[in-house]
Amino acid sequence: MLGFSLAYNDKCGAYIDTDCFDETTEALLQELFTKKIVVFHNAKFDMAFFEYHFGFKFPRFEDTMLLHYLIDENPGGHGLKQLTLKFTPFGDYEKPMYEWIDNYRKEHGILKDQFNWGDIPFDVMKTYAAMDALATFLLYEKFIKIKQNPKLLWVYENILIPGTRFLIDTQDNGVPFDKKRLYVAQEAMQNDIDEAIAALYENEKVRRFEELNGKSFNPNSTVQLRSLLFDYLGLNPTGKKTGTGADSTDAEVLKELALQSDVPQRILDIRQKSKIKNTYLDKIIPQLDRDSRLRTGFNLHGTTSGRLSSSGKLNMQQLPRDNPTVKGCIKAAPGHKIVAMDLTTAEVYVAAILAKDEALMDVFKSGGNFHSTIAHKVFNLPCEVEEVAELYPDRRQAAKAVTFGIMYGAGPAKISEQVTKDSGKVFTKQEAAETINDYFKTFHKLRKWIDDNQKFIEHNGFIYSYYGRKRRLPNVASSDAGIRSHSIRSGLNFLVQSAASDINLLGAIDMGAYIKANNMKSRIFALVHDSILAEVPEEEIDHYCEKLLHFVQMDRGLTIPGAPVGCDFEIDEDYSMGKFTKMYGTDV
DNA sequence: GTGGTCACG
DNA sequence: ACGTACGTGACCACT
């Protein structure tokens, strides 16, 4: 039996889960919900639950969690509990219920995960549920003032509220996985791990290290690995340290140490394969729904920049990009395809427009290869743009690193490090400094825009994005110069990251609404910052792509006339775009 | 719970 | 003289 509690007045109502209603109350409630604004704390969760289980519709709703996100964008503080403690006199109202739960679990020896919330007696639950509703209402009355800020109001009404609807559908659509492929991949990965471990133990020194310690060596333990590499094997540390000052054993270090011993490469192998098996395959398989889809979370309030975050059963925003194993298991149903749309260099596109830098906008207008065109301009290369990749690959690489580095506020040191890593050739700090200098000579309006905005951030301690999101940076007043400059870089990056991801999100929201309004069968199942993933029936592919392109490139104020933001479409049976079958054979 | 590492844009 | 690239989430070992 499911139910809820409700706090109600003339302006709004708010509810929480509880027990018991009959058809009469159901009809009354539906009438109420239709006429009044219903306030949720996290509508994506509770409203979706109600609509799914009881068939209720909520034509108008508010969300105190999202209102609070507008008041303070820093993640981690948006829970009902925390906010009640901070903004109302009833901060500890949940205590009696949790005490009851603790006692009950102790008496019956029940583990946390196995506790059934339905066992809570009505008398205990009712106070908690009623207080949840009351707290939500009190928060609403406080938070609604934020609507007096027209920029934040625009974000709320045009991104967060419609975004909630969109994400409910996106999460409900679920990610289509192919079970057979998951099992094939799981087994293949386990075999690879076994082989890699066996290879590690071929090294006699590893076996002796183990004997010496009297316990088996765990390659996943950084402490044990450090001891093996630096104390026992006597390899020379690279100088790279962890946050706490210990010698690092991360991938970069291990790659360098591989010149001195065969052990580091084995560890790299084991780590990479364990990661894929533990974090992805083993995690996905037991959580699939009966329709072989995985329903995970996308959150509107998880980042300071306005990007989405993903969490829960699987973080869809960090699937391995280049290894086809996991992506290949995301496979469209028969008669369907996976359609993956990507924005191309969206953040730079946004920067060009915001800075009103004609030279940079011209790069987008010219339509050639982006980084080649940039290199051609910055270094005045005596060849055609099409020849840059072949004739001046180093220059192209440097220009690319500078382009991205600038978006983050990187200095010569970081740029030189990055180019050296990417190209495998030493690129000095001085070369980096010269390149940055050349770059800004070519794109001088961009430099001025960066300078102006950094000054604004430093002076005001906040900044607004193009679409009206606010980034508060009180640490610009810190006495610590490192913290201060980090705040300023953050604020600058916010301007481009936020607007770019909003272009993607607004496009997806409109596409989602269009799909519904036109009874299309296409199903958007994930957003990854600047891409939109969907499972699309074959006969709908042209229609879907055409409309999605339209909605993403639609002029929402951030468009270069004649050169809308670039969109890449990839279409195949699975999300690895065919690479999975090549790797594992054509039968799966 | 923290630190280290690694997955993504 | 020094630090110095933005934004995330998940898993593992260890305390």
Side-chain angles (χ1 to χ4, degrees), chain A residues 73-76 217-227 240-254 267-268 270-284 296-299 301-323 325-327 342-348 351 401-419 421 429 432 436 471 473 478 480-498 500-501 504 526-532:
Chain A
E73 71 282 7
N74 294 305
F217 171 64
N218 182 348
N220 295 317
S221 162
T222 48
V223 179
Q224 290 183 35
L225 182 60
R226 227 177 337 254
S227 163
K240 186 171 175 184
K241 305 283 182 190
T242 70
T244 52
D247 286 314
S248 169
T249 61
D250 70 11
E252 195 191 323
V253 171
L254 293 182
I267 299 291
L268 281 169
I270 296 169
R271 270 199 193 152
Q272 200 229 356
K273 280 155 186 162
S274 309
K275 179 90 180 177
I276 290 192
K277 184 164 181 291
N278 296 338
T279 308
Y280 302 104
L281 302 173
D282 290 354
K283 200 78 211 270
I284 292 163
T296 188
F298 293 92
N299 315 306
H301 63 281
T303 67
T304 54
S305 62
R307 277 184 170 185
L308 302 185
S309 69
S310 170
S311 62
K313 287 183 187 165
L314 180 68
N315 182 343
M316 275 301 290
Q317 296 182 328
Q318 50 190 169
L319 301 183
R321 190 196 342 119
D322 300 323
N323 186 316
T325 306
V326 181
K327 278 182 165 185
D342 266 78
L343 298 183
T344 52
T345 53
E347 291 183 5
V348 189
V402 171
T403 298
F404 287 121
I406 281 170
M407 298 295 135
Y408 304 139
K414 260 296 181 252
I415 303 268
S416 88
E417 185 189 319
Q418 190 62 45
V419 177
K421 205 192 293 179
K429 211 167 127 182
I436 294 170
R471 180 77 181 104
L473 295 154
S478 168
D480 182 319
I483 293 176
R484 232 166 31 229
S485 59
H486 182 262
S487 286
I488 295 167
R489 286 195 300 273
S490 252
L492 189 81
N493 179 252
F494 163 79
L495 291 175
V496 290
Q497 189 179 105
S498 178
S501 88
N504 192 59
L527 299 195
V528 190
H529 307 310
D530 56 7
S531 69
I532 299 171

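Quick caveat, the model's predicted, so the values are computed rather than measured. Throughout, a chain's letter reflects where its sequence line sits, starting with A, and its residues are numbered from 1.
Residues that satisfy the ring-ring contact (aromatic ring centres under 6.0 Å, His included) test with F404(A), not counting sequence neighbours, are H371(A). With sequence neighbours left out, K327(A) forms a salt bridge (Lys or Arg N to Asp or Glu O under 4.0 Å) with no residue at all. In this structure, the side-chain contact (heavy atoms from CB on, under 4.5 Å) partners of N315(A), at least two apart in sequence or on a different chain, are S310(A), Q317(A), Q318(A). With sequence neighbours left out, the salt bridge (Lys or Arg N to Asp or Glu O under 4.0 Å) criterion links D247(A) to K241(A). Residues satisfying the side-chain contact (heavy atoms from CB on, under 4.5 Å) test with E417(A), not counting sequence neighbours, are K414(A). For A432(A), the side-chain contact (heavy atoms from CB on, under 4.5 Å) criterion is met by P412(A), I415(A), S416(A), F427(A), not counting sequence neighbours. Legend: residues meeting side-chain contact (heavy atoms from CB on, under 4.5 Å) with N299(A), ordered by chain and number and at least two apart, are K44(A), H301(A), S309(A), S311(A).
The CG-P distance, from N493(A) to dC6(C), rounds to 8 Å in whole Å. When the P atom of dC6(C) is taken as reference, atom CZ of R307(A) falls 13 Å away, rounded to whole Å. Going from atom NZ of K273(A) over to atom C1' of dA7(B) covers 17 Å, rounded to whole Å. Rounded to whole angstrom, the span from the CD1 atom of I415(A) across to the C1' atom of dG3(C) amounts to 16 Å. Taking atom CG of L268(A) as the reference point, atom C1' of dT5(B) lies 12 Å away to the nearest angstrom. Spacing between atom NZ of K327(A) and atom C1' of dG9(B) amounts to 11 Å, rounded to whole angstrom units. When the P atom of dG7(C) is taken as reference, atom CG of L495(A) falls 12 Å away, rounded to whole Å. We find that CD1 of I488(A) is positioned 13 Å from P of dG7(C), with the value rounded to whole Å.
Note on A251(A): only backbone sugar-phosphate atoms sit closer than 4.0 angstrom, heavy atoms only; bases stay farther off. Residue G482(A) is out of contact with every strand shown, counting any heavy-atom pair closer than 4.0 Å. Contacts of S501(A) with the nucleic acid, taken as non-hydrogen atoms under 4.0 Å apart, are absent. The residue S531(A) sits apart from the nucleic acid: no heavy atom pair falls under 4.0 Å. At a threshold of 4.0 angstrom between heavy atoms, the contacts of F494(A) with the nucleic acid are absent.
T325(A) and N323(A) are linked by a side-chain donor-acceptor pair at a separation below 3.5 angstrom, with hydrogens and angles left out of the test. In the model, R226(A) has no side-chain atom that pairs as donor or acceptor with a side-chain atom of T242(A) under 3.5 Å.
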If a pair means Watson-Crick or G-U wobble with both distances below 3.5 Å, what does DNA chain C look like in dot-bracket form, with | marking bases paired to a different strand?
.....|||||||||.
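No donor-acceptor distance shorter than 3.5 angstrom exists from the side chain of T345(A) to the backbone of V348(A), with no hydrogens or angles considered.
OP1 or OP2 of dC6(C) sits under 4.0 Å from a side-chain N or O of R489(A). Distances shown here put a side-chain N or O of R321(A) below 4.0 Å from the OP1 or OP2 atom of dG9(B). In terms of phosphate contacts, H486(A) brings no side-chain nitrogen or oxygen within less than 4.0 Å of OP1 or OP2 of dA5(C).
Side-chain proximity of T242(A) to dG9(B), dC6(B), dT5(B): nearest is dT5(B).
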Between protein and nucleotides 8-15 of chain C, map the contacts as a letter string: B base, S sugar-phosphate only, - none, heavy atoms under 4.0 Å, written 5' to 3'.
SBSSSSS-
